[in-house]
Amino acid sequence: MHGGFRSDRASGRFRAPTATRRQRAAARIHADAARARPQNIIAPTAASALFRAARADGAALLNEEGSSDYDALRRLMARLAVRVAASRSPPAPDSAIPSGYTYLLQFIAHDLMDSVVAFDVESGELALVGGSARAAQLRLDTLYGSGPEECPHAYAIDAIDLHNAGVKPRYLLRTGPRRTAPASGAPTRGCCPMRDIARARADDTFSHDPGLPPGSAALTETLLADPRNDAHALLSQLTVLFQTFHNHLATILRGGAATLDREATYRLFHCARMIAVDVYREIVVRDVAPRVVDPRILKRYEARKPLVYDGPAPPLEFSQGVFRFGHAMSRNRYRVNSEEALSLGDALDLSSAGKPGDLPVDDAWLVDWSRFFDDGSAPQRVNFARPIGLSYARQLNDEATFPPFIEGVDAPGLFQRDLLASAYGGLLSAETLTGFVRSAFGESTTPAWPVWRAAIKSWLESDNLTAAGVPILSEDDIARLSNDPPLIFFVLFEAGVGADADAARGPTLGPVGSFVVAEALFAALDRRAVGFEGVGDLPDRMRACVATLLGASPHGPAARAAIEPLAAAAPRTMPQLIAHLEARGAFA
């Protein structure tokens, strides 16, 4: 049981952990993290020969000079990024995927991978030790952290308990204060929580900053379990949405009980958390996966289990390669809560690490989620994502936002960084993965590698001139890249260009990208069950959770009645979840 609480499954009793239990739990977590090193999705010996040979070790990553292979590969990735940006293909129309899924994918990525990079000394050299320390995946750990006892800054005290004697229980997620609707540009529907994430000022952090107005409070600290969810305004607003869902659950399940003892608080918190995670996982399976995974591939995952991958963390091909496809879905501008289009660049600036003096987010960035998740009522109001393909929004290639890591070697922009992650990640080659997909799903699923190689070569040769008429890629570059392309390049090419220019392509990833994403998602779902996942369908699981954890409490009957509207609605998509929260007054 996560969050510093222990459950006796036989009695259903919760006990607060002793220091010894906490120490043992911490030791176990560290041991799990040490073992949770990402690995290749199939045989690691089949990794790309080109990139494995030039892959940087920890010392090289710390050294700008590096080896000749290291620098040569970085420069090749820079030239490829420039070549992709030079494409003169007409811009593709928006996809059929609402833009909310762009940022839900980022939220899911954080929930799968902790992206911890630690330093160690091996043989007298500094080494980077990377991996996913997320021991529990797809469990909303970015919201809950290690629970209210060990991550108290992420939790609020209910106003009901403020004046009660003794230690104040925490079971609600902390959010910023609710704002009144702005006089102009207000959300056109009630689908907006009208608040920012919780933020705080660190004393004296900006006391000598002449750029801030006198007496202003720079909100430099995020009160989140995972501050990565404050990467930009759209992601922090999505975090508020899930925080609102948990708090709505906890509030209705408490049912106005005047006081809660320690055990009742634990039970209430875990009941709300289990239901929130269960609904979230249903959304991942029923709503997110069908939008980005090729239906021919997804059909093989009806049992919600991976076909081949059994590693302890998402495979390298997912974390360092394929799942970065979501970057290509970002738009340059969004209609956030009115018809005024706001810049993605401005959203990227709005974080406690970016512009803490401009926070909390102003009214313009309070997201009306009916504009990001299509409920079918007004599709003309919805922001739709860019198609998955070899084109990034202009804001993501901006040198001021994403400057080169090494001046004169790297190209600016997020795509260059994605290419480097694939190049140095030790990933399986696109050829190996293509062959595996043909073997596992049928040869008609995707063309043989020689067809792909020829298509990539032809595409790289076109539009291969700078404005001055100088070739961007040499013949040797094109030969190397078409034989062994970086995986993120290949999956974007697969989805957006294809091996046959005349073939119709859908809104999803192609078969290879879809296979990697499906393996990672369903391996994470299968790796560790949550709550009452083995008890019937979603409504039955909600009722079982409440009956087991709260049924014996004085407010048990009220809690069972309170969960019925949610069980009856059983939201399995983001529009359904938003509609339920709106109907139940959770945004009021």
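Between F245 and H580, the gap from one ring centroid to the other reaches at least 6.0 Å. Proximity of the aromatic rings of F373 and Y101 is defined here by a centroid distance below 6.0 angstrom, and this criterion is met.
Taking 4.5 Å as the limit, every side-chain heavy atom of F402 sits out of range of all side-chain heavy atoms of Q395. Between I488 and V322, every side-chain heavy-atom pair lies at or beyond the 4.5 Å cut-off. Within the 4.5 Å cutoff, no side-chain heavy atoms of P315 are placed close to those of N40. Inter-residue side-chain proximity for F269 and L172 is flagged as unmet; no heavy-atom pair is nearer than 4.5 Å. Contact of the L298 side chain with the S514 side chain is not registered, since no non-hydrogen atoms from C-beta on lie closer than 4.5 Å. Looking at heavy atoms from C-beta onward, L241 lies in side-chain contact with I578 at the 4.5 angstrom threshold. In this structure, Y280 and V530 have side chains that are not in contact, with every pair of non-hydrogen atoms separated by 4.5 Å or more. The closest side-chain heavy-atom distance from T401 to L414 is not below 4.5 Å.
When all heavy atoms of S319 and M113 are compared, the closest pair comes out as CB-SD, 3.0 Å. Annotation for A586 and T244: closest pair O-CG2, 3.7 Å, computed over non-hydrogen atoms. Minimum interatomic distance between I197 and S236 (heavy atoms only, all atoms of both residues): CG2-O, 3.3 Å. Nearest heavy atom pair, residue P571 against residue M542, reads CD-CE, 4.5 Å. Contact between G425 and L316 at its shortest, heavy atoms only, is O-CD1, 3.7 Å. D287 and M574 make their closest contact through OD2-N, 2.8 Å (heavy atoms, listed as atom of the first residue, atom of the second, distance).
Remark: side-chain polar atoms of D196 are paired, donor with acceptor, to backbone N or O of V361 under 3.5 angstrom. At least one donor-acceptor pair under 3.5 Å links the side chain of R170 to the backbone N or O of Y155. Here the side chain of D261 pairs a donor or acceptor atom with the backbone of A264 at under 3.5 angstrom. A donor-acceptor pair under 3.5 Å is absent between the side-chain atoms of R174 and the main chain of L224, judged by distance alone. N337 contributes no side-chain N or O that, together with a main-chain N or O of R371, makes up a donor-acceptor pair within less than 3.5 Å. Between the side chain of R267 and the backbone N or O of L549 there is at least one donor-acceptor pair closer than 3.5 Å.
Applying the side-chain hydrogen bond (donor to acceptor under 3.5 Å, both in side chains) rule to Y171 yields the partners D158, R254; only residues at least two apart in sequence or on another chain are considered. Applying the side-chain hydrogen bond (donor to acceptor under 3.5 Å, both in side chains) criterion to H110, with sequence neighbours excluded, gives N229. Residues forming a salt bridge (Lys or Arg N to Asp or Glu O under 4.0 Å) with R304 (at least two apart in sequence, or on another chain): E282.
A distance of 4.5 Å separates CG in L509 from CZ in F325, rounded to the nearest 0.5 Å. D368 contributes atom CG, which lies 10.0 Å from atom CE of M194 (distance to the nearest 0.5 angstrom). In this structure, S422 OG and E317 CD are separated by 9.5 Å, a value rounded to the nearest 0.5 Å. To the nearest 0.5 angstrom, F587 atom CZ is 4.5 Å from L581 atom CG. For the atom pair CG (L253) and CG (L268), the distance works out to 6.0 Å, reported to the nearest 0.5 Å. I252 contributes atom CD1, which lies 7.0 Å from atom CZ of R584 (distance to the nearest 0.5 angstrom).
For the side-chain hydrogen bond (donor to acceptor under 3.5 Å, both in side chains) with Q106, the qualifying choice from H327, R228, H232 is H232, the only one to do so. Of the options R541, R572, R273, R139, a salt bridge (Lys or Arg N to Asp or Glu O under 4.0 Å) to D278 is made by R541 and by none of the others.
In summary, R528 and E533 do not engage in a salt bridge, as defined by a charged side-chain N under 4.0 Å from a carboxylate O. Taking a cutoff of 4.0 Å between a charged side-chain nitrogen and a carboxylate oxygen, R199 and D230 qualify as a salt bridge.
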- Message: Set out, in order, the CA-CA distance, both residues' side-chain angles and the distance that settles ring pair (Phe, Tyr, Trp, His ring centres under 6.0 Å) for Y309 and F318, then state yes or no.
- Response: CA-CA 11 Å; Y309 186 66; F318 176 86; 9.5 Å; no
- Message: Between F107 and L140, is the side-chain contact (heavy atoms from CB on, under 4.5 Å) condition met? List the steps.
- Response: CA-CA 9 Å; F107 184 90; L140 291 177; 3.6 Å; yes
- Task: Apply side-chain contact (heavy atoms from CB on, under 4.5 Å) to T220 and L359, showing your working.
- Result: CA-CA 9 Å; T220 59; L359 297 171; over 6 Å; no
- Message: Could you go through E564 and R543, starting from their C-alpha distance and side-chain angles, then the distance that decides it, and tell me whether this counts as salt bridge (charged side-chain N to carboxylate O under 4.0 Å, His left out)?
- Response: CA-CA 8 Å; E564 275 307 309; R543 296 181 183 112; 2.8 Å; yes
- Going through the checks in order, is the salt bridge (charged side-chain N to carboxylate O under 4.0 Å, His left out) test met by E519 and K305? CA-CA 8 Å; E519 280 295 302; K305 293 182 179 295; over 6 Å; no
- Item | Y103/F372 under ring pair (Phe, Tyr, Trp, His ring centres under 6.0 Å): CA gap, chis, key distance, verdict | CA-CA 10 Å; Y103 302 104; F372 285 78; 7.3 Å; no
- Should Q137 and D111 be marked as a side-chain hydrogen bond (donor to acceptor under 3.5 Å, both in side chains) after you check the CA-CA gap, both sets of side-chain angles, and the distance that decides it? CA-CA 6 Å; Q137 296 151 21; D111 202 31; over 6 Å; no
- Message: Between W369 and C192, is the side-chain contact (heavy atoms from CB on, under 4.5 Å) condition met? List the steps.
- Response: CA-CA 6 Å; W369 288 111; C192 177; 5.8 Å; no
- Go through W365 and D346 one step at a time and tell me if the side-chain contact (heavy atoms from CB on, under 4.5 Å) criterion holds. CA-CA 10 Å; W365 288 100; D346 290 342; 3.9 Å; yes
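With F405 as the aromatic partner, R417 meets the cation-pi criteria of under 6.0 angstrom to the ring centre and within 45 degrees of the ring axis.
Between F522 and Y301, the ring-plane angle classifies as parallel under the 30° and 60° cut-offs.
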